[in-house]
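Okay, so here's the structure we're looking at.
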Protein chains: 2
Amino acid sequence: MMRVIEMLSERKRAILKAIVSDYIQRAEPVGSRTLARRYNLGISPATIRNEMADLDEMGYLEQPHTSAGRIPSYKGYRYYVDSLMEAEKLSPADEERLSRILQQRLSKIDAVFNEATRVLSEVSQYVSLIMTPIFGQQVFQQLRLVPLDSQFVVVLMVTDTGLVQNRVMEIPSGISAAELDQIADVFTKHLKGMPLENLNSTFLQELYSVFSRRNKALQVFLADLIAGFPYGEGEKVYLGGTTNILRQPEFHDVEKVRSLLQVLEEKDHLCRLLLDMASEDIAIKIGEENRCLQMKDCSIVAASYEINGRRMGTIGVLGPTRMDYARVVSVVEYMQKLLSKTLGEFLF
Amino acid sequence: MMRVIEMLSERKRAILKAIVSDYIQRAEPVGSRTLARRYNLGISPATIRNEMADLDEMGYLEQPHTSAGRIPSYKGYRYYVDSLMEAEKLSPADEERLSRILQQRLSKIDAVFNEATRVLSEVSQYVSLIMTPIFGQQVFQQLRLVPLDSQFVVVLMVTDTGLVQNRVMEIPSGISAAELDQIADVFTKHLKGMPLENLNSTFLQELYSVFSRRNKALQVFLADLIAGFPYGEGEKVYLGGTTNILRQPEFHDVEKVRSLLQVLEEKDHLCRLLLDMASEDIAIKIGEENRCLQMKDCSIVAASYEINGRRMGTIGVLGPTRMDYARVVSVVEYMQKLLSKTLGEFLF
DNA sequence: ATTAGCACTCTCTCCCAAAGAGTGCTAACA
DNA sequence: TGTTAGCACTCTTTGGGAGAGAGTGCTAAT
């Protein structure tokens, strides 16, 4: 996405910056008098008024009603984010809180995501989103069939990033352990190196031909195995800190809260949302830029984490358009690095 | 818990029942005149007023203020639930919607719970809670160590109900495949039949002695294996339909919503809550009966599902104290049976 | 180009009055 | 004696100003 940054006079920039900062902090329309009092701009309220009128006309500011102060428009936020905002250094305390996920040595990958989501929302004070590794982008490594007893077998699928999926299946009578090994070998040999997204069921059908057509039990087992093959295992989205959004004054209306939370309950939707934002290094979507009507008053700051240098999933923070972008960007960046590191150590 | 049901005259029962039903339906204090108009009780408002005054004094009813109608008190709801409420038959449409979870033939157990949670909240129109099988109550069956290559091994733990946990570990150099098999055999032999809750790390330490003290690599591997042993793998709680609570008029206050949602975000807390309710067949906790202050205006209807006749986890529906108990009880009972059946087929 | 002054606009809060709903009590009634 | 009609009273809710407060746009002076 190419964005042209309009030229604004240094003074207009200073005023716009002051307005956005002030509004982010106080959530109230800011007027010329207050602005002059609070920020040392060296100009009088009247001058500020004139500049504000200009910025208003240019579309950077809005007025809730004629005689209220100004608030940033979508365009105003965008300009702020693109060219006014100053990077904020995280406090050591926050860094330490975030780092806890790394220190705990959690045994399950699920626990890592859970903890990361919790901490991310806690530190950012907004809603946190974490999408698990994009399954389809991983590469098939091997299939294992581990018989538990004469009746059941565990199907293990291992990917290049070290994720292991398991599933229990029944063994039709008449299939020997050797045959199971043979099946696993054939799958492994044929599929090794394939991205999981390509493993759709029509492709897998081809493997049928490799096996004897005569063995009925084998055919049944294969059909079952293929039908339940863990391709397309959906991405998961972890969601945390939803209650933080209720602290925001713009969400003091229950109906508004409801419609937003409803969207957040649809994991598929969140998934698509985060997937969209995975391309850039750190992506910021402001208000209407989220296609979704219910999220027109929200912004998302997102970044992708990596495992072994490959982009695997996305983390994000969602808040009102009035969110503290500078701070959130720092938090998200920090968490991004942390998660990449933690998961890198976690898997092989 | 032993509850004594006070004797009330038939007429008082009829009036109380009418009041509770009406209030459940309309969420507004109900007065004598309205009650007489809406229900065919065959008595005048004045008489109803007298009875209401009695019920008020006895603690079954409350008045929001002097000149409003009455609303049920906690005691009123309790009486209603224990002795007035009539079982409600689910509509075929609802039964069908609930049954979908069974029909879909979901491949992962996680997907079953997800879907069940979604449907349960959808049909009940309240918040749904589902707790996964209580891990500690399951019984250890076997441990498997499946080497993936020379460097990594998958640790598989299988329980009697057919749940399989996996975990990837590094193999210290100097441990052979045969040794891995031997380790797995020892674990399996010693632990088979043990409930998982007993497998704490001090118990597992004893297994050390079985192995050669001389092999350093083996010792390291064992320590690692024991440290990461999946005992105490916490129960998970699935939560669905939280937005439904926002539809309830009693939650039109954002602060109230926030404090409730905050509690619902603490999975540990929910877990304990559901665990508490697992003893009875179908348990109903009304308002203050939930110890938690933030839930004093909520009720929970819960039931446990079974796998092979053993109580494994709990499902529940949470709504305002004013919830439609009759309907919710039917829904929960239906889902309980459904889930027991589905999971029974799912596992072995 | 900047600023002070001023009339004007719009919201928010507070207050008060009227309407509405329901109660409790009393007295009449079957 | 239980039931009912009538009535005064209470309490909340709603709607309509009045006044305060904040901010603007415009004009005229610096």
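All values derive from a computational prediction rather than experimental measurement. In what follows, every chain begins at residue 1, and chains take the letters A, B, ... in the order their sequences are listed.
Look at CD1 on Ile48(A): it is 12 Å from C1' on dT2(C), rounded to the nearest Å. Spacing between atom CD1 of Ile43(A) and atom P of dA4(C) amounts to 12 Å, rounded to whole angstrom units. Going from atom CD of Glu51(B) over to atom C1' of dT4(D) covers 14 Å, rounded to whole Å. The nearest whole Å value for the distance from the CG atom in Asp56(B) to the C1' atom in dG22(C) is 13 Å. Regarding Arg26(A), its CZ atom lies at a distance of 12 Å from the P atom of dG23(D), rounded to whole Å. Between His65(B) atom NE2 and dG20(C) atom C1' the separation is 11 Å, expressed in whole Å. Rounded to a whole Å, the CZ atom of Arg38(B) is 12 Å from the P atom of dA21(C). Atom CG in Leu35(B) sits roughly 14 Å away from atom C1' in dA21(C) (whole-Å rounding).
Summarising the local packing, CD of Glu96(B) is surrounded by more than 12 heavy atoms from other residues, nucleotides or ligands at distances under 6.0 Å. Taking a 6.0 Å sphere around CD of Glu266(A), one finds it holds more than 12 heavy atoms contributed by other residues, nucleotides or ligands.
Side-chain atoms of Thr321(B) do not come within 3.5 Å of backbone N or O of Ser299(B) as any donor-acceptor pair. The main-chain N or O of Asp54(B) is never found under 3.5 Å from a side-chain atom of Lys12(B) such that the two would form a donor-acceptor pair.
Taking 4.0 angstrom as the limit, Arg70(A) places a side-chain polar atom (N or O) nearer than this to OP1 or OP2 of dT24(D). Contact annotation: Thr66(A) side-chain N/O to dT24(D) OP1/OP2 distance is not under 4.0 Å. Taking 4.0 angstrom as the limit, Ser32(A) places a side-chain polar atom (N or O) nearer than this to OP1 or OP2 of dT24(D).
Each of dG22(C), dT9(C), dA5(D) was ranked by its minimum atom distance to the side chain of Ser67(B); first place goes to dG22(C). Considering only the side chain of Arg49(A), dC26(D) comes nearest among dT23(C), dT4(D), dC26(D). Taking the side chain of Gln63(B) as heavy atoms from C-beta on, and the options dT23(C), dT11(C), dT3(C), the nearest nucleotide is dT23(C).
Sequence order on DNA chain D of the closest nucleotides to Thr34(A) and Asn50(A) puts Thr34(A) first from the 5' end. Place Pro64(B) and Pro45(B) on DNA chain D by their nearest nucleotides, and Pro45(B) ends up nearer the 5' end.
Judged by distance alone, with hydrogens and angles left aside, Arg37(B) brings no side-chain donor or acceptor close enough to the base of dG22(C) to form a pair under 3.5 Å. The base of dG5(C) has none of its N or O atoms less than 3.5 Å from a complementary donor or acceptor on the side chain of Arg33(A). Contact of Thr47(B) with dT3(D) (side chain to base): no donor-acceptor pair of N or O atoms is detected under 3.5 Å.
Taking the six-membered ring where the residue is Trp, Tyr23(B) and Tyr77(B) present tilted rings, their angle falling between 30° and 60°.
Note on Ala68(B): only backbone sugar-phosphate atoms sit closer than 4.0 angstrom, heavy atoms only; bases stay farther off.
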